[in-house]
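Residue numbers count from 1 along this sequence. Hydrogens, waters and symmetry mates play no part in the numbers below; they use all other heavy atoms, side chains included.
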Amino acid sequence: MQKTLLFSLALATACREGSTPDDSGPATDGGPSADRGPTDGGTPNTGPGDVGMEDGGSGGGLDAGPGWEDEHCRNRTCIWIRQGDPGASDVICNGRARVDRGTTDQDGRRNCPLASFQSAYLRALMAPNTGPNRSKTFFVGEGTYRTYPFGISLVGDGQNADEGLRLSNLRGEKVVLSGQNCPASCEYQGPNGPVTVTPCCAIKCDSCSSDPRCVDLGDDCGVPWDTAYRPVTIAGRWTRIEGMEIEGCISDAVTVATVATLDGQSLVPNDHLYLSNNRIHGCQINENIKGLRQGPGPTQGGPYWGPTEIIGNELLEMGSQAIDATGVQNWRVEENHLHSPKPVDACLGTPCDGGGIGFKNGGALARVRNNWLRANNGITMGGVAGSCLEDTSPPNGFGCFQRYEHQDGRVENNVIADAPRHGLMAYQCDDCGYLGNYLSNFRGAGFFLQDDCPGPRCPSHNPGLLPSRDLVLAHNHFGAGALSTEGPYFLAYFRDVFPSGPAANGMNALANTFCAPQGLLETATPELDVARFAHAEPQGLYNLPDYAAQVGDQGSRVYNDGAAQLAACPAPPRCTLSVTADAGIVRWEGAADGVQCTLAIDEVESTVPCQGERATTPGERGPGRHYLSLRAELGPGQPAGASCGLSYQLGAPFSGSRCTLGLVGDTLQYDADGLRCLIVADDGQDLGVRGCRGTLTLPPGLRSGARHHLRFQVLEAPDGQTTCGLMFTPGSQ
């Protein structure tokens with residue numbers, strides 16, 4: 001997003017919650033920020049090692065007995081930040097004790113908790129300038145902690161799970177990292193005492209003379225502002241941030257950054273980074289989560305990066321995109337809830353994008369699954385060839401390496417509801433698949449293939465970009481809404497890039513359902529000579545049989561294409577999945593009269609009956625995160641295809657707790673190695689579960705309708721917080 005600095009507009013934020021995609025289900029506030037205290041609901045764990053909830057409360061009242069933290073901290077350094085504890089101090093304490101022990105360490109610091117993040121001492125523990133940074137956990141007690149003036153950085157270089165860094169809320173308490181209400185001047189604890197910073201926060205200027213309000217910041221120039229610039233940064237190897245609420249920023253709320261070695265030349269690829277169960281508010285002009293250019297990955301001849309896992313987060317009030325992954329590799333984005341983008345005029349004079357999730361600039365290996373987007377523009381693989389825009393020489397850059405904007409990407413079983421413009425988009429994408437997504441009430445393109453290169457629209461800074469190849473668009477449901485004059489172009493491309501259609505470059509479209517319940521909108525002004533499918537141009541409507549060969553389509557169906565009277569869009573049939581607590585057996589229930597069903601576990605596909613079960617293989621029940629999906633081709637009189645997806649986790653130290661669930665009939669079965677858990681549905685409906693093991697009968701609103709999302713969130717666990725989830729269709733009752 002272009003960060004034009006116009007300062008006359010006041011920031012306005014709108015939280016808009018809606019209904020489920022078919023307007024039949026419940027929609028309430030909640031999600032990861034809902035009450036996490038002990039309440040009735042579900043079945044609590046009763047096995048050995050469980051910690052009771054009698055020692056709950058707020059502030060400094062969490063010391064009524066031993067917890068899992070004692071064992072966790074036996075072989076690693078634990079730092080406690082607890083502003084509510086009466087003995088907490090940034091000046092005299094070392095953070096090595098949960099409460100004031102009345103003793104001192106060899107450096108003369110008292111063994112007691114720190115009170116805030118405002119000390120050079122703590123920042124050096126979280127991200128030292130030199131030397132290793134390993135085997136530390138930072139536990140934060142309830143409260144709001146300021147992140148200005150410098151933000152919080154967590155940078156590790158561990159070689160395995162035992163050496164990881166972890167920033168976690170203490171026993172599920174609400175912790176807010178806030179850059180809001182930044183004063184004109186502020187103070188932090190430097191290595192030699194208190195230091196005053198004036199201005200405390202600022203918006204960067206191109207130069208100190210670019211605006212009369214710009215002041216010299218030492219290494220930079222900026223206009224004094226009342227919000228922190230970037231509150232949180234995560235980078236390095238084996239690093240985890242979980243259970244935080246992050247708010248108040250100018251640019252990016254969480255930056256996933258690259259890290260250089262001490263010589264300033266070699267790269268340390270990001271490896272095993274985790275952002276789990278956080279609630280992240282958007283910034284005034286930019287992203288909730290920003291991944292910076294990392295350089296060429298394995299598909300471009302560079303090092304292997306990742307994984308970076310963005311799991312179970314609530315992302316709201318985005319000014320630009322919720323997740324902007326720029327030139328990154330091996331990101332896994334699952335079970336996140338995106339909603340309430342900023343109004344278009346609320347980004348300091350630059351129009352807000354209202355964006356969703358985007359990967360661009362030479363990235364690879366993205367997996368975007370089971371996310372629920374409400375009122376956001378959707379999910380994009382591709383961008384603007386940014387790695388060739390600036391200095392590309394080491395160590396500042398990595399050369400103009402990309403020939404595709406993204407390679408080997410999968411966008412699967414997401415819900416995109418009420419998108420103001422496009423739902424799914426591909427741009428110079430190689431081997432990218434869009435599978436089983438459910439789109440409702442979008443106003444732009446359901447799927448927009450926008451390849452600029454080769455041709456007159458190709459950016460001059462990277463004329464070597466190649467057109468998309470081997471695209472797959474399968475089993476998606478496109479339900480257009482009150483259409484703008486741009487749409488719906490369900491499938492679109494520039495004729496000068498694909499004169500014979502994208503099928504000539506390997507595109508395959510299979511079993512998609514296209515429906516415009518309000519009919520198609522005619523326009524006499526085609527945009528940029530784009531060939532549209534299911535859209536009226538002056539020459540007439542492109543009918544699917546005439547267009548199928550150009551996009552490699554097999555078995556898709558179109559409803560309300562202008563040839564008949566308007567009719568309701570067909571409801572998807574039942575499609576649900578389940579995995580047992582030990583992940584030993586997977587079960588599925590697809591359309592009873594499905595023509596053919598495909599089961600995929602960790603992207604290994606097999607043809608199966610449309611209802612059944614089977615034992616998992618050792619790899620499918622091994623430690624780590626797994627993904628299960630079912631896709632069906634359907635017979636006459638039904639939608640073309642159906643799809644559902646389930647994520648599950650088998651516990652691994654640091655990587656995340658065991659977490660399994662499944663739907664059998666109308667009963668949800670859930671099980672996790674956690675101490676506090678929560679189940680939310682769709683737009684954040686809290687289902688009242690606080691235990692981590694049990695069953696739940698689905699409420700009526702989730703037993704009907706087109707598509708629903710269940711997120712089973714492990715809010716406290718020794719192996720790390722995580723979320724597993726189910727994207728399903730209940731079918732007719």
Side-chain angles (χ1 to χ4, degrees), residues 20-22 322-323 332-338 355-359 366-382 406 409-419 421-426 429 432-449 471-481 487-492 507-515 534 551 553 556-557 569-573 575 577 598 600 603 627-634 639-647 682 705-709 725-729:
T20 52
D22 65 331
I323 299 175
R332 187 165 189 156
V333 180
E334 286 181 358
E335 311 298 350
N336 299 286
H337 178 203
L338 285 64
I357 300 170
F359 288 82
R367 298 295 183 265
V368 184
R369 296 166 168 150
N370 281 32
N371 299 284
W372 183 279
L373 290 73
R374 169 72 65 183
N376 298 91
N377 289 319
I379 301 172
T380 303
M381 295 286 171
H406 197 81
R410 296 291 180 272
V411 178
E412 189 168 8
N413 286 320
N414 302 280
V415 163
I416 301 171
D418 303 331
R421 293 193 70 217
H422 308 319
L424 301 172
M425 186 171 176
C429 209
C432 291
Y434 300 78
L435 310 173
N437 301 285
Y438 189 94
L439 286 74
S440 69
N441 199 35
F442 58 88
R443 292 177 56 83
F447 176 73
F448 188 13
L449 171 56
L471 276 171
V472 176
L473 184 74
H475 300 87
N476 302 284
H477 178 101
F478 295 94
Y489 24 100
F490 293 130
L491 291 167
M507 182 172 179
N508 178 20
L510 172 67
N512 299 289
T513 300
F514 300 101
C515 184
V551 296
D553 188 81
S556 295
R557 299 191 184 119
C569 296
C575 186
L577 295 159
T598 300
E603 302 185 23
Y627 190 76
L628 169 67
S629 65
L630 181 70
R631 297 190 291 273
E633 282 88 60
L634 305 177
S643 182
C644 47
L646 180 147
S647 63
D682 294 353
R707 181 72 71 97
H708 294 290
H709 189 199
L726 172 64
M727 194 71 77
F728 72 102
T729 55

>> Please evaluate residues L424 and V411 with respect to the criterion side chain to side chain contact (heavy atoms under 4.5 Å, CB included), reporting the C-alpha separation (whole Å), side-chain torsions for both, the decisive distance (0.1 Å), and the verdict.
In response: CA-CA 9 Å; L424 301 172; V411 178; 4.0 Å; yes
> Listed by chain and number, what are the ring-ring contact (aromatic ring centres under 6.0 Å, His included) partners of H475, not counting sequence neighbours?
Replying inline: none
> Which distance, rounded to the nearest 0.5 Å, do you find between the OG1 of T513 and the CG of L439?
Replying inline: 12.0 Å
> What heavy-atom pair brings L338 and A322 nearest, and what distance separates the two atoms?
Replying inline: CD2-CB, 3.4 Å
> Of the options C575, P639, P573, which is the one that meets T729 in a side chain to side chain contact (heavy atoms under 4.5 Å, CB included)?
Replying inline: C575
> Do the non-hydrogen side-chain atoms of L630 and T598 ever get within less than 4.5 Å of each other?
Replying inline: no
> So E335 and H709, side chain to side chain contact (heavy atoms under 4.5 Å, CB included) or not? Walk me through it.
Replying inline: CA-CA 9 Å; E335 311 298 350; H709 189 199; 2.6 Å; yes
>> Would L510 and L473 count as a side chain to side chain contact (heavy atoms under 4.5 Å, CB included) here? Give the steps.
In response: CA-CA 6 Å; L510 172 67; L473 184 74; over 6 Å; no
> Does the side chain to side chain contact (heavy atoms under 4.5 Å, CB included) test come out yes or no for M727 and C644, once each step is laid out?
Replying inline: CA-CA 6 Å; M727 194 71 77; C644 47; 5.8 Å; no
> Are N413 and N370 close enough that a side-chain donor and a side-chain acceptor fall under 3.5 Å?
Replying inline: no
>> Would you call the rings of F448 and H422 parallel, tilted or perpendicular, taking 30° and 60° as the class edges?
In response: perpendicular
>> Looking at R369 and E603, is any side-chain nitrogen of the basic one under 4.0 Å from a carboxylate oxygen of the acidic one?
In response: yes
> Can you name the nearest heavy-atom pair linking N377 to L373, along with the distance?
Replying inline: O-CD2, 4.0 Å
>> Please check: side-chain N/O of Y434 versus main-chain N/O of M425, any donor-acceptor pairing under 3.5 Å?
In response: yes
>> Can you confirm whether V368 sits close enough to M381 that some side-chain heavy atom of one is under 4.5 Å from a side-chain heavy atom of the other?
In response: yes
> Can you say whether the rings of F478 and F514 are parallel (under 30°), tilted (30 to 60°) or perpendicular (over 60°)?
Replying inline: parallel
> Any side-chain heavy atom of L726 sitting closer than 4.5 Å to one from L577?
Replying inline: yes
> Which heavy-atom pair separates G436 from R707 by the least distance, and what is that distance?
Replying inline: O-NH2, 3.1 Å
> Can you name the closest pair of heavy atoms from S556 and N512 and give their distance?
Replying inline: OG-N, 3.0 Å
> Considering all heavy atoms of both residues, which atom of A426 and which atom of F447 are nearest to each other, and what is their separation?
Replying inline: CB-CZ, 4.1 Å
> In Å, rounded to the nearest 0.5 Å, how long is the span from CD1 of I416 to CZ of F442?
Replying inline: 9.5 Å
>> Quick check: closest heavy atoms across V333 and I323, and the distance to 0.1 Å?
In response: CG1-CD1, 3.6 Å
> Would you say the side-chain atoms of N476 pair up with the backbone N or O of N437, donor to acceptor, closer than 3.5 Å?
Replying inline: yes
> Taking it one step at a time, do D682 and H708 satisfy side chain to side chain donor-acceptor pair (under 3.5 Å)?
Replying inline: CA-CA 6 Å; D682 294 353; H708 294 290; 2.7 Å; yes
> Is there a donor-acceptor pair under 3.5 Å between the side chain of D553 and the backbone N or O of V551?
Replying inline: no
> Is it true that R332 and E334 have a side-chain N and a carboxylate O under 4.0 angstrom from each other?
Replying inline: yes
> Donor-acceptor pair, N441 side chain versus A417 backbone, under 3.5 Å?
Replying inline: no
